Amino acid sequence: MIAGAEIRFALYQKADDVHRRWPAAGFIAGGIQDLAALLSAASLPKEEIECTSDDVAVLIDEAADGLEALPEMTKQQIDSRINRGSILKSLKTAMVIWLNALLTQQRLHGQNVADIPSLDFTRRALPLHSEQIAIWRRIQAENWRAIFDPAIEILEIAAIPNCARPGRRWQT
């Protein structure tokens, strides 16, 4: 095949006993990069993606419920930083912010970036907040401030009430 040559392809998916073809008739015309992009986007059936996102939403809700045990002043500080209009929404947003930071940390570890440690999924809890903050600060010093600035600030508020640095409000 010559680089840049047009190829024609269709996508077939099998989920349980259901077989799908896209497009239903005919073919998609494009290059090898188009095919690679399609395969990447279609690697999981829509139903599995929806099921996984539902599972993540439930876990975020459960984790946010766990933050309800924080002192009222701490929850109010988190709410004032995130500014979602209610403490519960702010606690859920805090969990999403932390999830994003943890997933980014894990991805960076997988890419062997700057000696970032892997998350230990065998433990029930994350490292002590000071250990996690130290890891995130190392990553933050290199880059990724948009992800780690709010994650660190909210973790500092949650773990060390009245000791957090003053900061911005994040809108989601």
Side-chain angles (χ1 to χ4, degrees), residues 13 15 33 36-172:
Q13 286 183 318
Q33 290 178 338
L38 174 66
L39 292 174
S40 176
S43 61
L44 285 177
K46 180 181 175 187
E47 294 80 13
E48 284 187 48
I49 293 171
E50 289 172 352
C51 183
T52 300
S53 63
D54 289 345
D55 291 346
V56 169
V58 167
L59 291 172
I60 286 171
D61 286 347
E62 289 174 0
D65 288 345
L67 292 180
E68 285 287 333
L70 290 171
E72 195 62 34
M73 173 79 92
T74 302
K75 292 187 290 190
Q76 289 174 359
Q77 287 178 317
I78 291 171
D79 183 44
S80 73
R81 291 293 195 273
I82 296 175
N83 196 26
R84 290 281 293 147
S86 80
I87 289 176
L88 181 58
K89 285 181 182 179
S90 292
L91 294 178
K92 287 181 182 183
T93 302
M95 296 312 305
V96 172
I97 289 169
W98 291 337
L99 176 61
N100 189 32
L102 291 167
L103 291 173
T104 301
Q105 174 185 338
Q106 191 67 9
R107 188 179 78 230
L108 292 172
H109 170 77
Q111 295 172 348
N112 296 319
V113 174
D115 195 33
I116 303 301
S118 176
L119 295 173
D120 183 357
F121 293 108
T122 62
R123 297 188 329 182
R124 184 128 176 101
L126 289 173
L128 296 173
H129 76 276
S130 58
E131 293 170 6
Q132 192 62 51
I133 288 172
I135 292 166
W136 287 353
R137 284 202 189 285
R138 279 196 350 244
I139 299 168
Q140 178 192 42
E142 296 295 320
N143 201 337
W144 307 95
R145 295 189 73 78
I147 293 171
F148 291 98
D149 283 353
I152 290 168
E153 183 174 355
I154 301 304
L155 187 55
E156 286 176 333
I157 292 169
I160 312 169
N162 305 320
C163 294
R165 298 183 325 248
R168 309 174 275 192
R169 293 174 187 239
W170 286 277
Q171 299 285 332
T172 57

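Residue numbers run from 1 in the order of the sequence given. Keep in mind the model is a prediction, meaning the values are calculated, not measured.
Lys75 places a side-chain N or O within 3.5 Å of a backbone atom of Glu68 that can act as its donor or acceptor partner. Although no hydrogens or angles enter the test, the distance criterion places a donor-acceptor pair under 3.5 Å between the side chain of Arg138 and the main chain of Asp115. Distance alone, capped at 3.5 Å, is enough to place a donor-acceptor pair between the Gln106 side chain and the Leu119 backbone.
In this structure, CG on Leu108 lies 8.0 Å from CD1 on Ile147, to the nearest 0.5 angstrom. To the nearest 0.5 angstrom, Asp65 atom CG is 12.0 Å from Ile60 atom CD1. Residue Ile154 holds its CD1 atom at 11.5 Å from OG1 of Thr74, rounded to the nearest 0.5 Å. Considering CE of Met95 and CG of Leu67, their distance stands at 5.5 Å, rounded to 0.5 Å. Summarising the geometry, atom CZ belonging to Arg137 is positioned 12.0 Å from atom CD1 belonging to Ile139; distances are rounded to the nearest 0.5 Å. Of the inter-residue distances, the one linking Asp79 atom CG with Gln77 atom CD reads 11.0 Å to the nearest 0.5 angstrom.
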In sequence, state the C-alpha distance, the side-chain angles, and the governing distance for Thr104 and Arg107, and then conclude on side-chain contact (heavy atoms from CB on, under 4.5 Å). CA-CA 5 Å; Thr104 301; Arg107 188 179 78 230; 4.3 Å; yes
For Asn100 and Phe148, what are the C-alpha separation, side-chain angles and deciding distance, and is it a side-chain contact (heavy atoms from CB on, under 4.5 Å)? CA-CA 9 Å; Asn100 189 32; Phe148 291 98; over 6 Å; no
Hey, mind stepping through Leu99 and Val56 against side-chain contact (heavy atoms from CB on, under 4.5 Å) and telling me if it holds? CA-CA 10 Å; Leu99 176 61; Val56 169; 4.0 Å; yes
Can you list the steps and then say if Glu72 with Ile87 is a side-chain contact (heavy atoms from CB on, under 4.5 Å)? CA-CA 10 Å; Glu72 195 62 34; Ile87 289 176; 3.5 Å; yes
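Smallest separation of non-hydrogen atoms from Ser90 and Ile82: O-CD1, 3.3 Å. Annotation for Ala158 and Leu70: closest pair O-CD2, 3.6 Å, computed over non-hydrogen atoms. Taking all atoms of both residues into account, the shortest heavy-atom contact from Trp98 to Ala151 is NE1-O, 3.1 Å. Nearest heavy-atom pair across Ile116 and His109 is O-ND1, 2.6 Å. Listed here is the closest heavy atom pair of Ile135 and Pro117: CD1-CG, 3.7 Å.
In this structure, the side chains of Leu102 and Gln132 come closer than 4.5 Å at one or more pairs of heavy atoms.
Asp61 has a carboxylate O that lies under 4.0 Å from a charged side-chain N of Lys92, or vice versa, which qualifies the two as a salt bridge.
Counting heavy atoms of neighbouring residues, nucleotides and ligands inside a 6.0 Å radius, atom CD of Gln33 does not exceed 12 of them.
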